[in-house]
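Everything on this sheet refers to the single structure shown next.
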Amino acid sequence: MKIRILTLGIVLVSFFFGFRRAAMKTKKATRPNIVFIMSDDHAYQAISAYNPALTHTPNIDRIAQNGMLFTNACVTNSICSPSRAVILTGKHSHITGKIDNNFPFDTTNITFPQILQANGYQTAMFGKLHFGNNPKGFDEFKILPGQGDYYNPDFITKKQGKQKFTGYVTDLITDFTLNWLKNERDPEKPFFLAYLHKAPHREWLPAERHFDEYLKKTFPEPETLFDNYEGRGRASKEAEMNLLTHMNWAGDSKIFPENMDKLGIKESHPYDKGNYNYVVGRMNPEQRKKWDAAYGKMNEQFIKDFPKMTERDKMKWRFQRYMQDYLGTIAAVDEGVGRVLDFLKENGLDKNTIIVYTSDQGFYLGEHGWYDKRFIFDESFKTPLLVQWNGVIRPGSRNSNMVQNLDFALTFLDAAGIKAPSDMQGESLLPIFKGNTKNFRDAAYYHYYEYPGVHMVKRHYGIVTEKYKLVHFYYDIDEWELYDRTRDKNEMKNVYNDPAYAKVREELHKKLTALRKKYKDSEELDKMYIEKYKELEGK
Ligand code: CA
C-alpha cells in the first residue's frame, strides 16, 4: 500500500514538473524576438513611407508595409544621448539625469535590456550607442566610441577592447549584426538585438558607391526655407542652426579648406576646417581618391558659381548640398536594413519578431531655414516609427496616437511577458499594436535643457496635444508660446497673447501643470539642473 502511494506520488510529481517544463517551454517559445533598429538624426521627412517627395527608402518602407506606420510618434527631449537614456529606461530626462549630451546618466536607473537579459533573453548591440557608458545588459556588443566616424571607424568591442575596422560605418554595423544573427545567436533563447546606425548624423559622409548619384540630385525645397522667424519669440530668432549662417562650409558643405581661402569664405565655427580635415583624413588612399574626384568636381563648379551668388542663391545651394549628403548617407542605411530584413525572412526569424525602425529624434531638413533638432516644434519633436510584428500587427496599418520614445521599454517588457518596474513612466504599445487605440495619452510632455550650448536653443518645456502646443522658454528669458496645430501646420505664429485663444491657453496651462506633477518634474528640479550645469561648466 505504502509503495503504491509512493509510486502514485512520484507519478503525480513527475507529471506536475513535466507539465511545468512543458509550460515553460511553450512560454519561452512564444516570447517574441526584438530587433530594434535606430538611426541617428533620421527625420521622418526622409523616409518615403512618410514623404515620397524627398527620397526613396524602399527597405525601411517594407516595415510599414508589413506592419504599422506611426504618424505622430514623438520624443520627450529632442537630442541624442538624452533620448537614448529615455529609450533604455522608460523615464523622462529629469529622472535619468542625462538631461543633455554632457550630463552623466544616473546609473541607479535600470535599463530594459538588463531586465530582458535577466529573464532569459540573449542580447546584442551593434553600432552607435552614444551614451557615455558601455552598455549594461548585453551579452555581446560592438559600439562606436562617442559619435564615431564614418570611414574606417574604431569600435569598442565586448571581448577585445577598442579596435579599428576598415570600411564604411553603416556597412560595418550591418555586417556585425548579420554575423551575430548567423553565427552567435542561441536558437534556444529569444533575443533582443539593437542595430544602431550612426548615419545620418553630421557630418554626413555618404558611402563611396553613392557619391556620384547623390551629387547629381536636386531636391524640393521646404515651404519655410526662407523663414524670418517673425511671429515667434526670441528662442526661434536666436537659435544658431540656420543653413546659411551657421552651417560649416568645409565640415558640412564639403568645400575644400583651400577653396574657402581662395574665395575668402570665413569659417562658421573655429573648428570648421579642422573638422573637415579630420573626417576626410580618416579615409585610406583608395577611398580618398574617390572622394577627391567626386567632391572635387562639385568644388570646381562652386568656385565658378560663388562670385555670382546672391544670399538667396547661397541658401538654395546650401540646402541642396545638405540634402545630397544627408540623404546620401541614408541610402546605405536603407540598403543595410534591407539586408537584415532579408536575412530574418529567409531564416523564418520574422515570424515571431518585433521589428522596430526609429530614430533618436526628428531633424530639420531646411524647414524654417534650419538643420539640427532640439526644439519642441514638429520636425524635431516628431520621430519616425515603423513596427512590424507578424501575426499581431495588421500589415499596412497606420496609427496616429502620440506614442513616445518613453514607451519602448514598457512595450518590450510587456511583449516578453515581464512585469515592468513601477517607476517606468511610459505606456505599453501592445494594445495599439493589436488595434486598440483608446485610453492612450492625449498629451505629451517635453523638456529640453542643453542651453547655453551648441546651436543655442533655449531651455524649454511644454505640452503637446492633438490640436495645440504650449511652450515655456526659460533660463535667460521667460516667454510662453502657443501654437494651433490644426490651423498653423508650419508653426509660424505664436498665438499665446491672442484673446481668441484665452480659454485654450488656460486649459493647457492646467494640463501642463498636471503633467509636470504626474512625471515628477518641477521648478525646483529646473533650478537644480541649472545649478548643476554651472558646476559642470566651472570644472
Ligand atoms: Ca541624434
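The basis for the numbers below is simple: all heavy atoms, side chains too, and nothing from hydrogens, waters or symmetry mates. The residues of the chain are indexed from 1 along the displayed sequence. Just so you know, ligand 1 is whichever comes first in the structure, and atom 1 is the first atom listed for that ligand.
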Exercise. Between OD1 of D40 and OE1 of Q361, what angle is found at the Ca ion (ligand 1), rounded to 10 degrees?
Worked result: 160°

For this session: Just to the nearest 10 degrees, tell me the angle at the Ca ion (ligand 1) spanned by D360 OD1 and D41 OD1.
Result: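 Between OD1 of D360 and OD1 of D41, the angle at the Ca ion (ligand 1) is about 100°.
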
For this session: Using a cut-off of strictly less than 3.0 Å, determine whether H130 has an N/O/S atom near the Ca ion (ligand 1).
Result: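 Looking at H130, which is the residue asked about, there is no N, O or S atom under 3.0 Å from the Ca ion (ligand 1).
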
Exercise. Around K164, counting heavy atoms of other residues, nucleotides and ligands shown, do more than 12 lie under 6.0 Å from its NZ?
Worked result: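 Above 12, so yes.
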
Problem set entry | R516 to Y461, cation-pi by 6.0 Å centre distance and 45° axis angle | yes

Problem set entry | Spatial distance of atom CZ (F363) from atom CG (D40) [nearest 0.5 Å] |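 It is 8.5 Å, given to the nearest 0.5 Å.
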
Exercise. Given E335 and R209, is the salt bridge (charged side-chain N to carboxylate O under 4.0 Å, His left out) satisfied, shown in steps?
Worked result: CA-CA 12 Å; E335 290 167 359; R209 61 186 178 278; 2.8 Å; yes

